Number of protein chains: 2
Amino acid sequence: MATSTAAARREEARLAYDAFLEECPTGQLLARISDKWVGLIVSALGQAEDRSLRYSDLGRKIPGVSQKMLTQTLRSLERDGLVTRTVTPTVPVRVDYRLTDLGSSLGGLLSSVKLWAESHFDEVSAHRDTFDRATATS
Amino acid sequence: MATSTAAARREEARLAYDAFLEECPTGQLLARISDKWVGLIVSALGQAEDRSLRYSDLGRKIPGVSQKMLTQTLRSLERDGLVTRTVTPTVPVRVDYRLTDLGSSLGGLLSSVKLWAESHFDEVSAHRDTFDRATATS
DNA sequence: CTGTATCCAAGGTGATACTG
DNA sequence: CAGTATCACCTTGGATACAG
């Protein structure tokens, strides 16, 4: 088992990291809500009437999201109590996702961030050009 | 081209995705600022006096970040014009990162999100427990 | 329509060692 | 002190096919 030099240290680091997460759970939550899809989904739901949308509506409203990510993200949001999932057992099943009050409070913040991104995009773009030009001058 | 193997369709999808990014650059920016480390770094800088911190101070202030991620994230922030990088060529080199006005405007928002995460953590936690218990009852 | 399960490519991420 | 470079990993995320 002398092999385990690297592997052992990995494992050790891994555990240390997990312990850290346990001690710093806020980081976890922050990382979760900092997710790209979370922002888009919560924003989309927040803008919708009744803060509610169907599964397929979400998929259509959010460009580039895959079924997998949509389902996965919605699950975690449901688990965290940010959205509720309502199944209507009609013949084609209908599922609605609705923002809870908790989710709405976050939705406002994330919408602001999204708005910031939209309104400051050209500014950031300009900075990028400047930076890239300066870097190329090496 | 009956080939139409999986690889071909991959490539096609890939190009479509890139085209999408080009058409939807806001999504790029949103994804960038939704990054976990971006939030932590910008928040840390925002809370600091003079909105400025040294490289090592940042590393100490943000638990769990590696040199690589710190440098990498700071570079992208600099490129986007959210922070400025100032090198003081003393004997032990000193580098300060300072939030620009643009960065500060984002910093306020991200701090709010961070604050939300901190203040609603127990609530989310409670929801998770409920959800997990309900799921286990399958 | 709304998922679930599997496979697979790609990139994010950290550990380590080295430079100025 | 402040990086840079390399390597190895392993999670993320998409495509696909299948199910209720």
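Just so you know, these numbers come straight off a predicted model, no measurement behind them. Naming convention: chains lettered A, B, ... in sequence-line order (proteins, then strands); numbering from 1 in each chain.
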- Note on the structure: Out of D:dT4, C:dC1, D:dG14, minimum distance to the side chain of B:Q67 belongs to D:dT4
- Query: Can we say B:R51 and B:D96 salt-bridge, meaning some charged N sits less than 4.0 Å from an Asp/Glu carboxylate O?
  - Reply: no
- Between NZ of A:K36 and P of C:dG12 the distance, given in whole Å, is 11 Å
- Roughly, in whole Å, what's the span from CG in A:L58 to C1' in C:dT2? 12 Å
- Message: Between B:T130 and B:A126 (side chain of the first, backbone of the second, donor and acceptor by atom type, cut-off under 3.5 Å), is there such a pair?
- Response: yes
- same_hphob_cluster(B:L102, B:L53) at 4.5 Å side-chain heavy-atom cutoff: yes
- Task: In whole angstrom, give the distance that lies between atom CE of B:M69 and atom P of C:dT16.
- Result: 16 Å
- Note on the structure: Rounding to the nearest 10°, end axes of the helix from C:dC1-D:dG20 to C:dG20-D:dC1 built from five pairs each make an angle of 50°
- 5'-most contact on DNA chain D: B:Y97 or A:S66, nearest heavy atom basis? B:Y97
- Show the numbers, then the answer: is there a side chain to side chain contact (heavy atoms under 4.5 Å, CB included) between B:R60 and B:D57? CA-CA 5 Å; B:R60 225 170 300 117; B:D57 288 334; 3.1 Å; yes
- Message: Without decimals, in angstroms, what is the distance between A:D96 CG and C:dT2 P?
- Response: 8 Å
- Is there a side chain to side chain contact (heavy atoms under 4.5 Å, CB included) between B:V65 and B:I62 once you walk through the steps? CA-CA 6 Å; B:V65 68; B:I62 301 175; 4.0 Å; yes
- Heavy atom of residues 43-57 of chain A under 4.0 Å from DNA chain D: which residues? none
- Message: Could you tell me how far apart A:W37 (CH2) and D:dT12 (C1') are, to the nearest whole angstrom?
- Response: 12 Å
- Task: Rounded to the nearest angstrom, tell me the gap between atom CG in A:L40 and atom C1' in D:dG13.
- Result: 15 Å
- Message: Nearest heavy atom decides the nucleotide; on that basis, is A:K68 or A:L74 closer to the 5' end of DNA chain C?
- Response: A:L74
- Item | Expected output: side-chain B:T73 to main-chain B:W37 donor-acceptor under 3.5 Å | no
- Query: Side chains of B:Y97 and B:T86: donor-acceptor distance under 3.5 Å anywhere?
  - Reply: no
- Sugar-phosphate, base or nothing in reach of B:V95, heavy atoms under 4.0 Å: sugar-phosphate
- Under a 4.5 Å side-chain heavy-atom rule over Ile, Leu, Val, Met, Phe, Trp and Tyr, are B:F131 and A:V87 clustered together? no
- Task: Verify, without hydrogens or angle tests, whether B:S104 (side chain) and B:G107 (backbone) share a donor-acceptor contact under 3.5 angstrom.
- Result: no
- Message: Whole angstroms only, please: what is the CD1-P distance between A:I41 and D:dG13?
- Response: 11 Å
- Task: In whole angstrom, give the distance that lies between atom CG of A:L70 and atom P of D:dT12.
- Result: 17 Å
- With a 4.0 Å cut-off on heavy atoms, is B:Q72 in touch with a base, just the backbone sugar-phosphate, or nothing at all? nothing
- Task: Tell me whether the OP1 or OP2 atom of D:dA2 has a side-chain N or O from B:R85 closer than 4.0 Å.
- Result: no
